[in-house]
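First the proteins, then the strands, lettered A, B, ... as listed; each starts at 1. Everything numeric in this text was worked out from a predicted model, so none of it was measured.
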Amino acid sequence: DAGVIQSPRHEVTEMGQEVTLRCKPISGHDYLFWYRQTMMRGLELLIYFNNNVPIDDSGMPEDRFSAKMPNASFSTLKIQPSEPRDSAVYFCASSPDPSADGTQYFGPGTRLLVL
Amino acid sequence: DAKTTQPPSMDCAEGRAANLPCNHSTISGNEYVYWYRQIHSQGPQYIIHGLKNNETNEMASLIITEDRKSSTLILPHATLRDTAVYYCIVRVANYGGATNKLIFGTGTLLAVQP
């Protein structure tokens with residue numbers, strides 16, 4: 001299994017530009033999570049999906065952030081317009097049915113720098 | 001979910017056992033203890049979890065005190081590749097809803113010394 005796949009691995013953009021981060025979860029996993037990690041705030045959960053439906057988006061910082069999961073094998077996190085304070089590492093994770101063990105499997109992350 | 005407390009950093013000699021403590025004094029009866037680690041520039045990696053009994057897998061052992069207010073993650077023979085931030089997380093073991101969240105704290109930076 002290839003694990004959770006994220007693209008791009010690195011993104012440098014200018015303030016005001018739209019940024020789209022992509023994630024392919026592990027096949028068969030029903031849950032998908034988006035996290036953000038910064039030095040100041042650590043690792044924060046932004047949003048998670050169950051069977052492609054957003055369940056909890058209380059961690060999404062503001063309306064500039066949006067996430068979609070059009071099918072079981074693909075999700076996007078979009079920032080529009082981007083700001084320098086959005087610079088962070090964004091991780092995607094997936095999980096099988098939590099009645100099993102609830103383990104989350106993380107991707108390698110996307111390092112975003114907004115100038 | 002209950003709050004956890006971990007030391008900010010620890011050192012361990014290569015080849016020796018690394019014992020990482022975690023306090024979770026407000027843990028409830030249906031809350032599991034999870035351990036993840038994050039090696040520099042990588043995503044977090046699941047290590048082990050438990051409810052009441054001690055657990056062991058190919059990576060580590062988890063010792064949970066009888067009152068469940070604290071636990072210790074044991075890496076039996078630490079190597080340089082075990083240098084990472086280790087997170088102790090308490091999670092309610094229900095199905096669906098907000099209990100699928102993992103709330104990461106600041107963790108313990110374990111430095112394995114040659």
Rounded distance (nearest 0.5 Å) linking atom OH of Tyr87(B) with atom CG of Leu43(A): 6.0 Å

From Gln104(A) atom CD to Gln45(B) atom CD, the distance as rounded to the nearest 0.5 Å: 14.0 Å

Considering only heavy atoms from C-beta outward, does the side chain of Thr103(A) approach that of Tyr36(B) to under 4.5 Å? yes

Transitively linked via ILVMFWY side-chain contacts under 4.5 Å: Leu77(A) with Val53(A)? no

If I take atom CG from residue Leu45(A) and atom CG from residue Leu102(B), how far apart are they, to the nearest 0.5 angstrom? 8.5 Å

Could you check whether atom CG of Asp67(B) has more than 12 heavy atoms from other residues, nucleotides or ligands sitting under 6.0 Å from it? yes

Close side-chain approach of Arg111(A) to Ser41(B), heavy-atom, < 4.5 Å: yes

Can you establish whether the number of heavy atoms outside Gln80(A) located under 6.0 Å from its atom CD is more than 12? yes

According to a 4.5 Å side-chain heavy-atom criterion applied to Ile, Leu, Val, Met, Phe, Trp and Tyr, with indirect links allowed, do Val90(B) and Trp35(B) form part of one hydrophobic cluster? yes

Assigning hydrophobic clusters by single linkage (Ile, Leu, Val, Met, Phe, Trp, Tyr; side-chain heavy-atom cutoff under 4.5 Å), is Met59(B) placed with Leu62(B)? yes

Derivation and outcome, side chain to side chain contact (heavy atoms under 4.5 Å, CB included), residues Phe104(B) and Glu44(A): CA-CA 7 Å; Phe104(B) 287 81; Glu44(A) 306 172 278; over 6 Å; no

Examine Tyr34(B) and Phe106(A) and state if one hydrophobic cluster contains both, with Ile, Leu, Val, Met, Phe, Trp and Tyr joined whenever side-chain heavy atoms are less than 4.5 Å apart. yes

Mind checking whether Phe91(A) and Gln38(B) have side chains closer than 4.5 Å, heavy atoms only? yes

